[in-house]
Every structure is written in structure tokens, then in C-alpha cells.
Amino acid sequence: MSWSLDDIPAQDGRRAVVTGANGGLGLQTAKELARRGASVVLAVRDTARGAKAVDVIRREVSDARLEVAPLDLADLSSVRAFAAAQEAAGEPLDLLINNAGVMATPPRTTADGFELQLGTNHLGHFALTALLLDRLRGAPAPRVVTVSSQAHRLGTIDFDDLNWQHSYSPWRAYGRAKLANLLFARELQARADAAGLPLRSLAAHPGYSSTGLQITGPGMSGGVVGRLNALGGRALNLLVGTSDAYGALPTLRAATDPEMPGGGFVGPGRIAQTRGAVGLVSSTAAGRDMDVARRLFDVSEELTGVDFGLPAAAAAAGVAR
Ligand SMILES: NC(=O)c1ccc[n+]([C@@H]2O[C@H](COP(=O)([O-])OP(=O)(O)OC[C@H]3O[C@@H](n4cnc5c(N)ncnc54)[C@H](OP(=O)(O)O)[C@@H]3O)[C@@H](O)[C@H]2O)c1
């Protein structure tokens, strides 16, 4: 039988942070975790939209325990402020869902000068996870789920031009950011294992779901081109997209199923990983290259100035899982 929402174990007493929870997959993820009893922090860059998301969730889950907190992943000072507020609240964190993202944007940089997609999707979440690690350590069985994509298949990690200063392609940059998400999830697991931490880190992907993703980034070019790009995104959503509720299932399974192993990649199992039952799925060899994963982790620490305090596992080289 396919895994479904009914299989989510009770989440009472658990606390979750979901990034990008004001729409799309993040909102669905936050809603279902709250429905099962988790207390959920909606980490969003637009708190007014976050408040609307709370209303949407409470229409279905009237007793949902929700908070909205500001987080702009494209600005490390905002990431630090968010983490500091969580630290000050002093509560353990059971679940961190690194969900927010942008796709196929025109060339732009974050407040810290990183290419926007790598900066938001990977480096912002990388820093966030490091800064919340003490809160995660305070929970008995913490999990981190990082939302990747089938687009990791387009990705390469070029350490000589990680931030696309010499050339830029919106889709290849998205592919790189999503490959980085996947490698981060796997390397975090390797380092947690080496340190003896009871943390599970998994990646998930939704297949292709109709959300704002296909409209926001491509539309950012502005003008006629931007409008046409956004129109194309809407059309594709209508033609091939699954619902946002379906698209959130892999994240929810990765976050809550006791049988999903650390380092695993969870997604739809059929029709080029876009439909069907949700479970462990394959990635490209690049998505399993633990030499690149380890180096990317070290480089990401240098770029963001955060320190996980988790040394690389000794001699765990090569392609894994
Ligand atoms: N939909 C798909 O088919 C698909 C496929 C593969 C992977 N994914 C991944 O799934 C995740 C969720 O995407 P989605 O489909 O739900 O798209 P979405 O509806 O556009 O949601 C993206 C969320 O990310 C937030 N976000 C963007 N930039 C941010 C920033 N700088 N700081 C904080 N939040 C930010 C957005 O906030 P605003 O509302 O303020 O813009 C929004 O809440 C992404 O990581 C995406 O790469 C989606």
C-alpha cells in the first residue's frame, strides 16, 4: 500500500520549523505536521503572507499550533536573526524542513553577494541548519529534511565558479543549487554519524507540482520576457503538474516515517519520478558523490562563516548510498 497522510505518526510535543511555509509545498507540509499535533514555526520572508497562511491552515486545522517568524534566506543577517530568536526561545527543535526556494531566476545576487539560487536554496539553508544545530541537538530524535529536485540531474558543482561569476544559465544554476541541497543532506548525515549525533538528515523531491515556483523566478526578468516566462510556467503547471498536497508527501514522509533512513532521498516512484507511491528514489551519481559533498560542505562553511563543529567523517570517500 502507498504511504499516505494517514501514515504520519502523531507529532504531539514535537516542534518543527518549515521554511517558505506561506505557500506551495511548504504550506502543505506545515498544515499536515500541525494536523498531526506538531507545533510549527512558519519561517517566511513576508510575514503578512505568513499570517494569511496561518488563516488557511486554521480553516482546516482549527487547533493548529502555529507561529510566524521572519526569515529571508537570501540575507545571512536575517538567517542569523531568525536562529538567534529560536535560540533565545530555548526550545528543542525536532524537525527542520529546508523547503523554501526559487527557480530559474535571471542573474541576481543575495545580500551577501552569492548567486541568488545557490544563495537562497543552498547556502541560506546550510547556514540556517548550522545555526539551529544546538536546538536540534536538544531534541531526542531530530530530523532535517532538505527539499531538492529532479533538477539536480542538470547540476554540476564547479568549485572554480560556484557563484556563476563567469557565466550564467538560470536552469543550470537551479540544477546546481538543487544538487547542492542533495549533497548537503547526505554529507550532514555522514558528519552526524561520525560525531555520534542521533540526527537524521534526508532529502526529498516532489516530482513536478503546480506551485508558485514555476512563475516567480521565471517572471523576475520583468517586461514581456518575464510575462511570457511566467505564462509558460502557468501553462506547464496546468498540463503536467501534480497538486501541492501530493508534492508535499515526499517531504512529509522523509520528516516523519521511522523507516526512512538518514541520507535517503524520498520522492515519487513512477513515471520519471513524477507520480505514484512515494518512497526512496535514486539520484544521479553526482548526487551520491561524497567527495564533492564533503568539499562543498567545507566551502559552504567558509562562504557563510558558520561552523557546524562536525568534522568530515574519516575515509568515507567515494560514491555512497
Ligand atoms: N513545485 C515543484 O514542482 C518543485 C519541484 C522540485 C523541487 N521543488 C522545490 O520545492 C521547494 C518549495 O517550492 P514550491 O514548489 O512550494 O514553490 P513556491 O510555491 O514558489 O514556494 C517557495 C517558497 O519559498 C519562499 N522563498 C523564496 N525565496 C525565499 C527567501 N529568500 N527567503 C525565504 N523564503 C523564500 C517563497 O516565499 P515568497 O512567497 O515570499 O516568495 C515561498 O514560500 C523549493 O525548494 C523547490 O525548489 C519544487
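All ligand and atom numbering here is 1-based and tracks the order in the structure.
Of the residues listed (Asn99, Ile97, Thr29), the one engaging Thr19 in a side chain to side chain contact (heavy atoms under 4.5 Å, CB included) is Asn99, and it is the only one. Residue Glu32 forms a side chain to side chain donor-acceptor pair (under 3.5 Å) with just one option from Arg36, Arg35, Gln28, and that option is Arg35.
Using modelled atom types and a 3.5 Å distance limit, the side chains of Thr242 and Ser209 yield a donor-acceptor pair. In this structure, a donor-acceptor pair under 3.5 Å is absent between the side chains of Thr156 and Asp158. A donor and an acceptor atom, one from each side chain of Ser300 and His122, are located under 3.5 Å apart. Side-chain atoms of Tyr174 and Asn121 form no donor-acceptor pair, as typed in the model, at a separation below 3.5 Å. Looking at Gln150 and Arg153, their side chains do bring a donor and an acceptor atom within 3.5 Å of each other. Side-chain atoms of Asn181 and Ser148 include no donor-acceptor pair closer than 3.5 Å. At a cut-off of 3.5 Å, with distance as the only test, no side-chain donor of Thr120 or Arg45 sits close to an acceptor on the other residue. A donor-acceptor contact closer than 3.5 angstrom links the side chains of Asn98 and Thr129.
Here the heavy atom of the protein found nearest to atom 4 (C) of ligand 1 is Pro206 CG, 3.4 Å. Closest to atom 31 (N) of ligand 1, if we only count protein heavy atoms, is Asp72 OD1, 2.9 Å. Looking only at heavy atoms of the protein, atom 43 (O) of ligand 1 is closest to Asn22 OD1, 2.4 Å. Considering only non-hydrogen protein atoms, atom 48 (C) of ligand 1 sits nearest to Leu213 CD2, 3.4 Å. What sits closest to atom 21 (O) of ligand 1 on the protein, heavy atoms only, is Gly23 O, 4.5 Å. Among all protein heavy atoms, the one lying closest to atom 34 (N) of ligand 1 is Ala100 CB, 3.6 Å. If you check which protein heavy atom lies closest to atom 33 (C) of ligand 1, you get Leu71 O, 3.3 Å. In terms of protein heavy-atom proximity, atom 9 (C) of ligand 1 is closest to Val147 CG1, 3.6 Å.
Atom OG1 of Thr304 and atom CG of Asp112 lie 9.5 Å apart (nearest 0.5 Å). Between the CG atom in Asp7 and the CG atom in Asp257 there is a gap of 7.5 Å [rounded to 0.5 Å]. For the atom pair Leu188 CG and Arg200 CZ, the distance stands at 13.5 Å (nearest 0.5 Å).
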Checklist entry - Should Arg253 and Ser4 be marked as a side chain to side chain donor-acceptor pair (under 3.5 Å) after you check the CA-CA gap, both sets of side-chain angles, and the distance that decides it? => result CA-CA 8 Å; Arg253 185 163 193 188; Ser4 73; over 6 Å; no

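If you look at Tyr174 next to ligand 1, the close heavy atoms, those under 4.0 Å, all belong to the side chain. The side chain of Arg49, and not its backbone, has at least one atom closer than 4.0 Å to an atom of ligand 1 (non-hydrogen atoms only; side chain from C-beta on). If you look at Lys178 next to ligand 1, the close heavy atoms, those under 4.0 Å, all belong to the side chain. If you look at Leu73 next to ligand 1, the close heavy atoms, those under 4.0 Å, come from the backbone and the side chain alike.
In terms of polar-atom proximity, defined here as any N/O pair under 3.5 Å, Thr120 makes no such contact with ligand 1. In terms of N/O distances under 3.5 Å, ligand 1 is approached by Gly20. Annotation: Leu25 places an N or O atom under 3.5 Å from an N or O atom of ligand 1; distance criterion only. Ligand 1 has a nitrogen or oxygen under 3.5 angstrom from a nitrogen or oxygen of Gly101. Of the N or O atoms in Thr211, one or more lie within a sub-3.5 Å distance of an N or O in ligand 1. Every N/O-N/O distance between Asn121 and ligand 1 stays at or above 3.5 Å. Checked against a 3.5 angstrom limit, the closest N/O atoms of Thr216 and ligand 1 fall outside it. The shortest N/O to N/O separation between Ser209 and ligand 1 falls below 3.5 Å.
Those atoms of ligand 1 that come under 4.0 Å of a heavy atom in Asn99, given as number and element, are 11 (C), 12 (C), 44 (C), 45 (O). Distances below 4.0 Å separate heavy atoms of Gly24 from the following atoms of ligand 1: 16 (O), 19 (O). Remark: ligand 1 atoms within the under-4.0 Å shell around heavy atoms of Gly207 are 3 (O), 5 (C), 6 (C). Remark: ligand 1 atoms within the under-4.0 Å shell around heavy atoms of Ala74 are 31 (N). Each of the atoms 3 (O) of ligand 1 lies under 4.0 Å from some heavy atom of Tyr208. Under a 4.0 Å criterion applied to the non-hydrogen atoms of Gln214, ligand 1 contributes the atoms 1 (N), 2 (C), 3 (O). Close approach to Val102 involves these atoms of ligand 1, each under 4.0 Å from a residue heavy atom: 27 (C), 28 (N). Atom numbering of ligand 1 starts at 1 in the shown order; those under 4.0 Å from a heavy atom of Ser148 are 6 (C), 7 (C).
Comment: Arg15 engages Glu67 in a salt bridge, judged by a side-chain N to carboxylate O separation of less than 4.0 angstrom.
The option from Ala21, Pro250, Ala177, Ser149 that lies nearest to atom 6 (C) of ligand 1, judged by heavy atoms, is Ser149. Closest heavy-atom approach to atom 38 (P) of ligand 1 among the candidates Gln28, Arg45, Gln150: Arg45.
Ring pair Phe265/His205: centre-to-centre distance below 6.0 Å.
For the pair Arg191 and Phe308, the cation-pi test (distance below 6.0 Å, angle within 45°) is failed.
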